[in-house]
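Convention: sequence-line order gives letters A, B, ...; per-chain numbering from 1.
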Amino acid sequence: MRLYLKFFSLHLKSQMQYKTSFFLTALGQFLGAFTSFLGIYFMFMRFHTLEDFSFGQALLCFAVILMAYTMAEMLGRGFDLFPQMLGNGEFDRALVRPMNIVFQVLAAKMDFSRFGRLMQAILVFCYAIPNSGVVWTGDKILTLCLMVTCGSLVFFGLFLVYAAFSFFTVEGLEFMNVFTDGGREFGRYPFSVYGKNILRFLTFVIPLALFQYYPLLYLLDREQSVLYMLLPLVALLFLLPCYAFFRLGLRRYKSTGS
Amino acid sequence: MITLQNICKTFRVAKRQAGFGHAVKALFSREYELVHALQDVSFRIYDGEMVGYIGPNGAGKSTTIKIMCGILTPDSGVCDVDGRTPWRERVAHVREIGVVFGQRSQLWWDVPIIDSFELIRDIYKVENRLFQNTLDELAALLDLGEILKTPARSLSHGQRMRCEIAASLLHQPKTLFLDEPTIGLDATAKIAFRQFIKKLNAEHGTTVILTTHDMQDIEALTGRILLIGNGRILLDGSLADLKKHASESKTLIVEYVGAMPALCDGMTLSEAKEGRIVVTVDPSALSVSDAIIRLAAQTELLDVSVSGASSEEMVAALYKEYRI
């Protein structure tokens with residue numbers, strides 16, 4: 001952990017060398033996410049409710065997904081840039097260091113300019129938390145925290161899968177973006193609005209709904225069971241196959257070297 | 001001690017021909033070609049040895065180094081480095097080795113070198129006092145001084161290379177792998193680098209394994225040469241052994257005034273200019289001193305220089321001999 005903080009401060013130091021670029025990228029990130037926000041806003045201007053979710057409630061979803069995704073991306077950027085690391089031999093360097101590989105890839109890249117998007121998520125939370133009609137008790141606050149942290153870990157798992165794929169092929173990795181970027185964009189609304197089958201897929205295969213839709217029902221008192229509150233934790237099981245897949249890719253890399 | 005026994009490694013490389021049609025075809029069915037990167041490679045390197053590992057591009061040098069570093073797993077064969085199998089005990093293994101990839105940096109681009117070094121200290125969990133001592137020693141030997149406070153991006157290639165070498169030695173590895181370390185360095189930097197490695201080997205007994213295309217590196221540093229070609233070890237011996245394989249012929253460069261001297265048996269003309277000829281002498285037919293006497297008898301010689309084949313030429317001849 002101490003070592004991670006060390007990496008963290010080095011990355012911060014490096015990126016602060018280029019302050020203008022840093023703030024412009026952050027601004028760009030903010031504006032990019034802002035268009036998504038406007039999308040929701042205009043949608044609700046016209047229809048007022050969406051499958052009996054109000055504007056404030058949808059914004060809660062939006063903020064959870066945005067924050068979870070952004071945190072995963074900020075800290076797990078190494079996996080996003082993994083094909084590059086493989087290509088330029090940086091990964092070979094990691095293999096001759098006496099440390100866990102996943103940790104090294106994690107620590108190798110961090111992108112703080114995403115904080116523009118993070119700011120947006122915080123702002124949206126500031127609006128959505130009082131306007132969602134949720135009665136904020138201790139367990140509700142805990143649920144929200146679980147949604148964000150577990151969500152970012154699930155996204156992180158997806159990045160891990162993305163990286164693992166790049167052990168096998170360098171082409172056609174774009175399809176993974178359907179789940180990562182796609183998850184972020186579609187997650188602006190509660191996943192139930194996309195229909196039963198999609199919801200089922202996002203529950204059992206790629207558990208994005210486990211930290212978004214179900215705990216939201218708990219927040220809104222539509223489901224009373226504590227299970228709904230704890231489902232984000234269940235979603236963490238997703239990390240196991242992700243990690244296993246990464247190890248498999250690593251094994252293959254070590255035997256093919258490409 | 002490093003022991004490699006019957007190491008084999010085969011890569012499957014996708015075959016693709018040029019042209020759009022083939023590119024489309026490759027989407028659906030790919031043809032693969034087997035490339036035997038290493039075939040039955042065996043050798044043994046003792047503690048404190050300095051070994052030059054040479055061979056043309058694509059001969060299998062990097063593959064061997066990668067196997068010894070634990071980056072690659074071979075298809076078959078045994079590799080044992082001080083009792084460890086590199087790819088099975090990666091973490092324990094890499095703690096004891098240092099690796100310099102001449103063409104890839106391990107330094108952080110935008111922060112002062114010392115920050116990179118301290119990070120490496122933490123990665124290897126080197127105790128602070130020990131680290132300071134090692135750093136002081138390396139800084140003195142490699143003349144790092146002020147450089148340590150400069151970010152890598154504002155250093156020259158030579159300065160950065162010195163830092164790379166220091167970075168690989170901060171944890172005092174027993175074995176040092178240098179993969180084309182002198183590439184792109186100027187003459188002074190190369191000489192300084194060689195002196196440093198020699199000193200390191202003499203004082204700390206570090207085993208050094210060096211791949212290079214610069215034969216002067218080999219001449220200056222290594223007592224032993226491993227020549228690899230097409231995935232096989234072709235020669236394992238000293239520089240003198242290598243020389244035996246090369247032709248014995250000598251080259252005479254003669255500057256003269258007056259008419260161009262006539263050549264006799266055992267001499268062949270390889271270059272002729274007004275007042276200067278280059279003659280190759282085959283010592284089995286004609287001794288060098290006889291050759292000079294013959295030439296001197298015919299005309300007035302201003303300058304004569306005699307040289308054997310350079311190591312570069314020897315290696316080129318060897319590559320030719322083994323058809324690699």
(message) Need one label for A/Tyr18: side chain, backbone, both or neither, based on atoms under 4.5 Å from any heavy atom in chain B.
(response) side chain
(request) Examine whether an atom of A/Arg2 lies under 4.5 Å from a heavy atom of chain B, and if so say whether it belongs to the side chain, the backbone or both; otherwise answer neither. (result) side chain
(request) Report the option among A/Leu10, A/Asn100, A/Ile101 that has the most heavy-atom pairs separated by less than 4.5 Å from atoms of chain B. (result) A/Leu10
(message) Heavy-atom pairs under 4.5 Å with chain A: which of B/Asp75, B/Ile97, B/Thr63, B/Val99 has the most?
(response) B/Val99
(request) Please list, in residue-number order, every residue in residues 104-135 of chain B that has a heavy atom less than 4.5 Å from any heavy atom of chain A; write 'none' if there are none. (result) B/Arg104, B/Gln106, B/Trp108, B/Asp110, B/Val111, B/Asp115, B/Glu118, B/Leu119, B/Ile120, B/Arg121, B/Asp122, B/Ile123, B/Tyr124
(request) Determine the minimum heavy-atom distance between B/Ile71 and A/Lys254, stating which atoms define it. (result) O-CG, 3.4 Å
Atom [atom1] of [X] and atom [atom2] of [Y]: how far apart are they, to the nearest 0.5 Å?
X	Y	atom1	atom2	result
A/Leu95	B/Leu72	CG	CG	9.0 Å
A/Arg97	B/Arg90	CZ	CZ	11.0 Å
A/Arg93	B/Cys69	CZ	SG	9.0 Å

(message) Given heavy-atom pairs under 4.5 angstrom as the criterion, report whether the side chain, backbone, both or neither of B/Val100 touches chain A.
(response) backbone
Heavy-atom neighbours of [X] [atom1] exceed 12 at 6.0 Å:
X	atom1	answer
A/Phe186	CZ	no
A/Met119	CE	no
A/Arg251	CZ	no

